Number of protein chains: 2
Amino acid sequence: MKISEAAAVCGLPVKTVRYYADIGLVAAPARGTSGYRHYDQAAIRKLIFVRRARAFGFSIDDCRELLSLYEDRHRSSADVRHIALRRLRDIEQKQKELQSLHDDLAHLVDACRGDSRPNCPIIDYLS
Amino acid sequence: MKISEAAAVCGLPVKTVRYYADIGLVAAPARGTSGYRHYDQAAIRKLIFVRRARAFGFSIDDCRELLSLYEDRHRSSADVRHIALRRLRDIEQKQKELQSLHDDLAHLVDACRGDSRPNCPIIDYLS
DNA sequence: CCTTGACCTTCCAGTTACTGGAAAGCTTAA
DNA sequence: TTAAGCTTTCCAGTAACTGGAAGGTCAAGG
C-alpha cells in the first residue's frame, strides 16, 4: 500500500503518516526502487492504534510506550494501566481548571449588559 | 521601572514581558540612554491586564483586542462581551470533549486488572 | 513514444506562547 | 577598577503537525 491509501485506510492525513515515519513512531516497513514508502498490515494496525491513542490525548511519547507494550506479548497490564491512569489524572486536572475558568467567566459574561455603553464588568475584572 | 521590577510587580516572568514588547502587545514606553526598557504605571497596568486575560485562556490576539477596548473610553460593552462569550463557548466545547474522553478512559482503566499479565482492555480498545 | 496528471519524495517555514541560553553591553557597590 | 548583577539582542527549541515548493515516478491516453 502506498502512503495515500494507507492514510485513507487509517483515517489519518498523509502528512501525518509521513511525519510519524520521520520521527520513528510508525516506520514504513519497506521502500521500493521508486523510493515510495510501502505499508503492510502490521504498519496499518500500528497507525490505527496511534490514531486512537492520540484521540485520547496521549502524547507522542506515550504512544511510543503504548505501541511497544502493544507489540510485547509479555507485557504487564499494570504498565499499560499506569500510563492510562496518568493521562486520566491529567484530564481530571484540566477539567478542574476549565471548570473554574468557566464559572468565573460565565459569571462575568452574565453580569455584562452587552450594550453600546462602555461600562463593563469584564474589563473591570481584568483591570 | 526596569524590566525585572516591572515583571515582579506584574507577576510575570521577565522573558514574557520582553516577549510582549517584541510582539507589540505591551510596548515599553521609553528607553534610556542605556538601551534599557523603562515601564511606567500605564504599561504596568496593561501587563497586569494581559496576565489576567491570559489566565482566562484568551489568546494573544484576543488580548490585543481586549487591550484596545480597555483603552477605548468609547467602547461598547457588547464588543467585550462578544469576545468573552466566544472564549466561554470554546471552554464549554473543550469541557464536553474532556468529559467524554474522561468517561471512556476511566471505564477502560477500571476494567484493566493492572497486574503482571498481558491481558488488557486498554490495549484491546486501541487495537 | 510522449505527454499529462496524479501521485510520491525531501526540505523549509509557520503555527502558539513562550523559554533557555549565549555573547555582549550597562550599572553600581566595594 | 573590578566584579557582580543587571540588561540587551539573537538563535534555537518546545508539541504535533500543516502548508507549500521543487522535483522524481508512474499509469493511462493519444
Side-chain angles (χ1 to χ4, degrees), chain A residues 1-40 43 46-47 49-67 83 86-87 90-91 94 97 101, chain B residues 1-40 43 46-67 86-87 90-91 94 97 101:
Chain A
M1 249 189 242
K2 281 181 284 184
I3 199 167
S4 66
E5 192 184 350
V9 164
C10 298
L12 286 167
V14 170
K15 276 275 190 185
T16 300
V17 174
R18 205 174 280 130
Y19 174 70
Y20 288 166
D22 286 350
I23 64 173
L25 180 61
V26 180
R31 300 251 191 158
T33 50
S34 63
Y36 290 6
R37 292 174 183 85
H38 290 298
Y39 289 86
D40 60 10
K46 287 190 212 174
L47 286 170
F49 183 94
V50 168
R51 176 175 56 74
R52 293 190 181 139
R54 292 284 303 133
F56 270 126
F58 289 107
S59 71
I60 295 290
D61 275 353
D62 284 343
C63 289
R64 264 183 232 279
E65 292 188 59
L66 288 170
L67 263 185
I83 296 172
R86 176 154 42 86
R87 175 70 192 132
D90 278 0
I91 290 172
K94 196 134 238 162
E97 291 169 16
L101 285 193
Chain B
M1 250 189 243
K2 280 182 284 185
I3 199 167
S4 65
E5 193 183 350
V9 164
C10 298
L12 286 168
V14 170
K15 275 273 187 186
T16 300
V17 175
R18 203 174 281 129
Y19 173 71
Y20 288 166
D22 285 350
I23 63 172
L25 180 62
V26 181
R31 301 252 189 157
T33 50
S34 63
Y36 289 6
R37 293 172 181 85
H38 290 298
Y39 288 86
D40 61 9
K46 287 191 211 173
L47 286 171
I48 291 171
F49 183 94
V50 169
R51 176 174 56 76
R52 293 189 180 138
R54 291 284 303 132
F56 271 126
F58 287 108
S59 71
I60 294 290
D61 275 353
D62 284 343
C63 289
R64 264 183 231 280
E65 291 189 60
L66 289 170
L67 262 186
R86 176 155 40 86
R87 175 70 192 131
D90 278 0
I91 289 172
K94 195 133 239 163
E97 290 168 16
L101 284 194

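What you are looking at is a predicted structure, and each value in this text was computed from that prediction instead of being measured. In the text below, chain A, chain B and the rest are named by the order of the sequence lines, each starting its count at 1.
As rounded to whole Å, 15 Å separates atom P of D:dA15 from atom CZ of A:Arg87. The distance between atom CZ of A:Arg54 and atom C1' of D:dA15, rounded to the nearest whole Å, is 8 Å. We find that CZ of B:Arg37 is positioned 17 Å from P of D:dC6, with the value rounded to whole Å. Rounding to whole angstrom units, CD1 of residue B:Ile3 and C1' of D:dT9 are separated by 12 Å. Rounded to whole angstrom, the span from the CD1 atom of B:Ile60 across to the C1' atom of C:dT15 amounts to 14 Å. In this entry the distance linking CG of B:Leu12 with P of C:dC18 reads 8 Å, nearest Å. Between B:Leu25 atom CG and C:dC18 atom C1' there is a gap of 13 Å when expressed in whole angstrom units. Atom CG of A:Asp22 and atom P of D:dG19 are 16 Å apart (whole Å).
Picking from D:dT18, D:dT7, C:dC8 the nucleotide with the shortest atom distance to the side chain of B:Arg18 gives D:dT7. Between C:dT9, C:dA17, D:dC17, one nucleotide has an atom nearer to the side chain of A:Arg31 than all others, and that is C:dT9. In this structure, the nucleotide among C:dT10, D:dC17, D:dT9 sitting nearest to the side chain of A:Tyr20 is D:dC17.
Here B:Ser59 does not reach the OP1 or OP2 of C:dT16: none of its side-chain N or O atoms lies under 4.0 Å away. Phosphate proximity of C:dA17 to B:Thr16: absent, as no side-chain N or O sits under 4.0 Å from OP1 or OP2.
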| task | Give the B/S/- string for nucleotides 22-30 of chain C, one per nucleotide from 5' to 3', where a protein heavy atom under 4.0 Å of the base yields B, of only the sugar-phosphate yields S, and otherwise -. | result | ---BBS---
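Not counting sequence neighbours, the partners of B:Arg64 by the salt bridge (charged side-chain N to carboxylate O under 4.0 Å, His left out) test are B:Asp61. For the side-chain contact (heavy atoms from CB on, under 4.5 Å) test, residues two or more places apart in sequence or in another chain that qualify with B:Asp22 are B:Arg37.
To the nearest 0.5 Å, the span separating CG on B:Asp40 from NZ on B:Lys46 amounts to 8.0 Å. If you take CZ on A:Arg54 and OG1 on A:Thr16, they are separated by 9.5 Å, rounding to the nearest 0.5 Å.
Residue B:Phe58 is out of contact with every strand shown, counting any heavy-atom pair closer than 4.0 Å. Here A:Ile23 lies out of heavy-atom contact (under 4.0 Å) with every strand.
Taking 4.5 Å as the limit, every side-chain heavy atom of B:Val9 sits out of range of all side-chain heavy atoms of B:Leu47. Looking at heavy atoms from C-beta onward, A:Asp62 lies out of side-chain contact with A:Phe56 at the 4.5 angstrom threshold.
Residues A:Ala21 and A:Ala28 come closest through the heavy atom pair CB-N, 4.5 Å.
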